[in-house]
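Worksheet: one structure, shown below.
Below, each value reflects all heavy atoms present in this structure, side chains not excepted, and no hydrogens, waters or symmetry copies. The model shown is predicted, which means the values in this text are computed figures rather than measured ones.
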Amino acid sequence: QVRLVESGGGLVQPGGSLTLSCAASGRIFGIDMMGWYRQDPGKQRELVAVVSSAGGTNYSDSAKGRFTISRDNAKNTVSLRMNNLQPEDTAMYYCYANHSGNAMDYWGKGTLVIVRS
């Protein structure tokens, strides 16, 4: 079992920045992909950004150029620096991890990001 705990959400004005962090614990050996998804009420959860254990990254089109994902394998953490936030970025952001050993996906409970004036 892998436990993911997010932090760093909050209220920010348009154009502002936030950094989300996620710490993994438990059966962490074998975690490959880690990253972030987000979900608005009534919508499907969507990819924001992911990073592999080797450092390869993948961003959604909306995140490219504004968000930066980073990972510290020694500390088992993944972070998302979000710049130039806009109201459409408002969502619950979920930390994600994929375990290569059992091919299971794990999710955190989410952290809320609200962007408004």
Side-chain angles (χ1 to χ4, degrees):
Q1 190 75 11
V2 175
R3 182 170 180 247
L4 303 172
V5 179
E6 304 99 334
S7 61
L11 174 65
V12 64
Q13 292 186 340
S17 298
L18 280 177
T19 298
L20 306 182
S21 298
C22 173
S25 61
R27 192 184 174 192
I28 55 178
F29 180 78
I31 291 177
D32 183 14
M33 301 298 291
M34 293 187 74
W36 297 90
Y37 283 70
R38 68 186 185 188
Q39 187 171 22
D40 267 341
K43 295 184 179 180
Q44 284 192 330
R45 193 170 294 187
E46 63 177 12
L47 170 75
V48 178
V50 290
V51 56
S52 71
S53 56
T57 58
N58 186 34
Y59 291 90
S60 67
D61 288 342
S62 64
K64 287 178 184 175
R66 300 189 299 132
F67 298 179
T68 303
I69 191 168
S70 59
R71 179 172 176 170
D72 187 329
N73 289 327
K75 295 181 179 179
N76 302 307
T77 59
V78 62
S79 297
L80 184 71
R81 175 66 177 177
M82 304 185 292
N83 294 325
N84 192 22
L85 284 160
Q86 300 300 317
E88 53 265 33
D89 296 313
T90 295
M92 187 71 80
Y93 284 71
Y94 295 91
C95 184
Y96 160 83
N98 173 262
H99 199 286
S100 60
N102 59 19
M104 286 188 65
D105 293 336
Y106 296 92
W107 299 93
K109 293 183 179 181
T111 186
L112 182 62
V113 172
I114 300 174
V115 185
R116 69 174 182 222
S117 300

Is Leu80 reachable from Val50 through a run of hydrophobic residues whose side-chain heavy atoms are each under 4.5 Å from the next? no

For Gln86 and Pro14, work out which heavy atoms get closest and say how close. OE1-CB, 4.4 Å

Over 12 foreign heavy atoms within 6.0 Å of CD, Glu88: yes

Is there a path of hydrophobic side-chain contacts, each under 4.5 Å between heavy atoms, that joins Leu18 and Met92? no

Cluster link Ile69 to Tyr106, ILVMFWY, side chain under 4.5 Å: yes

Looking at CZ of Arg71 and SG of Cys22, how far apart are the two atoms once the value is rounded to the nearest 0.5 Å? 10.0 Å

Kindly give the cluster partners of Val5, where membership spreads through any ILVMFWY side chain lying under 4.5 Å from a current member. none

State plainly whether one hydrophobic cluster holds both Tyr94 and Val51, where clusters connect Ile, Leu, Val, Met, Phe, Trp and Tyr through side-chain heavy atoms under 4.5 angstrom apart. no

Run the salt bridge (charged side-chain N to carboxylate O under 4.0 Å, His left out) test against Lys75 and tell me which residues pass, sequence neighbours left out. none

Flag the pair Glu46 and Arg38 as a salt bridge only when some basic side-chain nitrogen lies within less than 4.0 angstrom of an acidic carboxylate oxygen. yes

Rounded to the nearest 0.5 Å, what separates atom CE in Met82 from atom CG in Leu20? 3.5 Å

What heavy-atom pair brings Val2 and Ala24 nearest, and what distance separates the two atoms? CG1-CB, 4.5 Å

For Ser17, what residues pass the side-chain hydrogen bond (donor to acceptor under 3.5 Å, both in side chains) criterion, not counting sequence neighbours? Asn83

Donor-acceptor pairs under 3.5 Å, side chain of residues 28-35 to any protein atom, not counting sequence neighbours: which ones?
| unit_1 | atom_1 | unit_2 | atom_2 | d |
| --- | --- | --- | --- | --- |
| Asp32 | OD1 | Ser53 | N | 3.4 |
| Asp32 | OD1 | Ser53 | OG | 3.2 |

According to salt bridge (charged side-chain N to carboxylate O under 4.0 Å, His left out), who are the partners of Arg3, at least two apart in sequence or on a separate chain? none

Give the cluster check for Val78 versus Leu4: same hydrophobic cluster or not, with ILVMFWY residues linked at side-chain heavy-atom distances below 4.5 Å. yes

Heavy-atom check, side chain of Tyr93 versus side chain of Glu6, under 4.5 Å: no

Which value, rounded to the nearest 0.5 Å, describes the distance between Leu11 atom CG and Thr90 atom OG1? 8.5 Å

Donor-acceptor pair, distance only, cut-off 3.5 Å: does the side chain of Ser79 make one with the backbone of Ser21? no

Pair listing, ring-ring contact (aromatic ring centres under 6.0 Å, His included) test, anchored in residues 34-55, at least two apart: Tyr37-Tyr96, Tyr37-Trp107

Approximate separation, where rounding is to 0.5 Å, of Lys64 NZ and Asn58 CG: 7.0 Å

Minimum heavy-atom distance between Asn98 and Asp105, given as atom pair plus value: ND2-OD1, 2.8 Å

